[in-house]
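The structure under discussion appears below in the form of structure tokens.
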Protein chains: 2
Amino acid sequence: MVQPKEDRRIQRTRQSLSTALLKLIEERGYDSLTVNDITEQANIGRATFYLHYEDKEQLLLESLEDMFSQLGDSIAPTAKVTGEHNSITATRLVFQHFADHHRLYRVLLTEKGAVMVFTRLLKILSQVAEQDVILKDVEQPKTGIPTHLVAHYVTGAILGLIVWWLNNDRPYSPEQMAVIYGHLMDPGATKVLGIAGAQLPDLSDVLSKR
Amino acid sequence: MVQPKEDRRIQRTRQSLSTALLKLIEERGYDSLTVNDITEQANIGRATFYLHYEDKEQLLLESLEDMFSQLGDSIAPTAKVTGEHNSITATRLVFQHFADHHRLYRVLLTEKGAVMVFTRLLKILSQVAEQDVILKDVEQPKTGIPTHLVAHYVTGAILGLIVWWLNNDRPYSPEQMAVIYGHLMDPGATKVLGIAGAQLPDLSDVLSKR
DNA sequence: AAATTTATAGACATAGAGTTCAATAAAAAA
DNA sequence: TTTTTTATTGAACTCTATGTCTATAAATTT
């Protein structure tokens, strides 16, 4: 499992397997795929698979790891800008990422087994919550709330939006979603994804655009 | 698979299987469990399992369904109260539910395979977000944002908190979490889980209590 | 008690996982 | 180019778990 990345064959094999897996997931879901399916799609011997990965889950994890770092890389530069800044950018890039890979993520976020519990909980709690959903007011003073907790709160909220967005065939653009998110997180409108930023566009303008 | 719920043996068998599965999940995780493990723990013949369920996933789904409706039932009465109302109650009940079954949910929300993607994404995005996390201000005007979208936003946020809470051994009580959530969702403090309600307790008071 | 339904153990067929190995192909080094 | 090293391959093989079936036993209902 420890590989000297030099040899081209290794890189090609791994690349092929990753590509094959992601393609198959979009077409047929993840759970039902066998190692044989993947190696066949990749045109690679089944024995070869085990020279590189322990099981299909490890392959998936490494493949996703690549995608996640792509996402991280695209956000990083915007996050480093301090002070005045177009705050929607970072959030928009997040939604853009999920739009770019929407078929894949829709499977992974929806499929039984894979994320079944998250989705299931979302659905159930949504029903309870959406009965009397109202929004919120007022301002946020400095609090003693742990940073990690807030981060989970924020990312949970975004993931919630993304699941909705993907399951509803993305009726808004990534830009619109970013603005919506900004307004939800900060009804008065100033900071998005925790990054200090400029004024948010007027919400009704944005929603009517499409 | 269609059962006349009358016969006591059926109820006992199903109950035993459900209990056995949930217990085993807490002890050994979900993925590695076999049907044989479950029936052995339940003291039931393996063939009997298949008289009731197609596979272990279906058993899990039905078992969780029971738990979810328990949760729904406990929240329902508080949600029906309109107007003035102790708004923390509903949220507190949600956290209480996860506390009651924390071992189980911790596995289900953390284990590879099961909810791996959600957890993984949470972790990655958290790292990006928590670098410059700041909070928000101002008030929320009436918007044209779809209700379902808001519901997903809200429940995503709660799930994010819950994942953090469970993975950090619940350093706060359900009550405290409810207050924290209320302050995050509504920095000025008024409505929680979308339910119109009374004033939130002062945050610094609540956090220092334990 | 009789009739009906469910539980059970054990046997069976099947699929897919994961390993091994000798032969071959391809890449890197000389 | 030649040599050397390394990766790929397919086939055979073991193993584990799934899912089904049948005849028998046990519990439940009427």
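Each chain gets a letter, A, B and so on, in the order the sequences are listed, and its residues count up from 1.
- Atom pair A:D37:CG and C:dA15:P shows a separation of 13 Å (rounding to whole Å applied).
- Distance from the side chain of A:R8 is smallest for C:dA28 among the nucleotides C:dA28, C:dA7, D:dT28.
- Residue B:Y30 contributes atom OH, which lies 15 Å from atom P of D:dA17 at whole-angstrom precision.
- We find that CD of B:E54 is positioned 9 Å from P of D:dG19, with the value rounded to whole Å.
- In terms of phosphate contacts, A:T13 brings a side-chain nitrogen or oxygen within less than 4.0 Å of OP1 or OP2 of D:dT8.
- Of the residues near DNA chain C, A:A47 and B:A47, the one whose nearest nucleotide (by heavy atom distance) lies more toward the 5' end is B:A47.
- Distance, A:L51 CG to D:dG10 P: 13 Å, rounded to whole Å.
- Less than 6.0 angstrom separates the ring centroid of A:F95 from the ring centroid of A:W165.
- The base of C:dT8 has none of its N or O atoms less than 3.5 Å from a complementary donor or acceptor on the side chain of B:R46.
- Across D:dT9, D:dT8, C:dA7, the shortest atom-to-atom separation from the side chain of B:H52 is found for C:dA7.
- Between the P atom of C:dT8 and the CD1 atom of B:I44 lies a distance of 6 Å, rounded to the nearest Å.
- Checked by atom type, the side-chain pair A:D37/A:T34 shows a donor-acceptor distance below 3.5 Å.
- In this model, a donor atom of one side chain and an acceptor atom of the other lie less than 3.5 Å apart for A:Q96 and A:D100.
- Counting non-hydrogen atoms under 4.0 angstrom, A:T48 reaches a base of the nucleic acid.
- Note: CD1 (B:I10) to P (C:dA7) measures 6 Å, nearest angstrom.
- Among C:dG18, D:dA11, D:dT18, the nucleotide with an atom closest to any side-chain atom of B:Y50 is D:dT18.
- Applying the 3.5 Å distance criterion, the base of C:dA27 shares no donor-acceptor pair with the side chain of A:R9.
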Residue pair A:V179, A:T91: steps toward the side-chain contact (heavy atoms from CB on, under 4.5 Å) verdict: CA-CA 8 Å; A:V179 173; A:T91 315; over 6 Å; no
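- When side chains are defined from C-beta on, A:Q58 counts as touching A:E54, because their heavy atoms get closer than 4.5 Å.
- Rounded to a whole Å, the CG atom of B:D55 is 18 Å from the P atom of C:dA15.
- A:N36 places its CG atom 11 Å from the C1' atom of C:dA15, with the value rounded to the nearest Å.
- Dashed line: the shortest gap from a side-chain N or O of B:R12 to OP1 or OP2 of D:dA27 is not under 4.0 Å.
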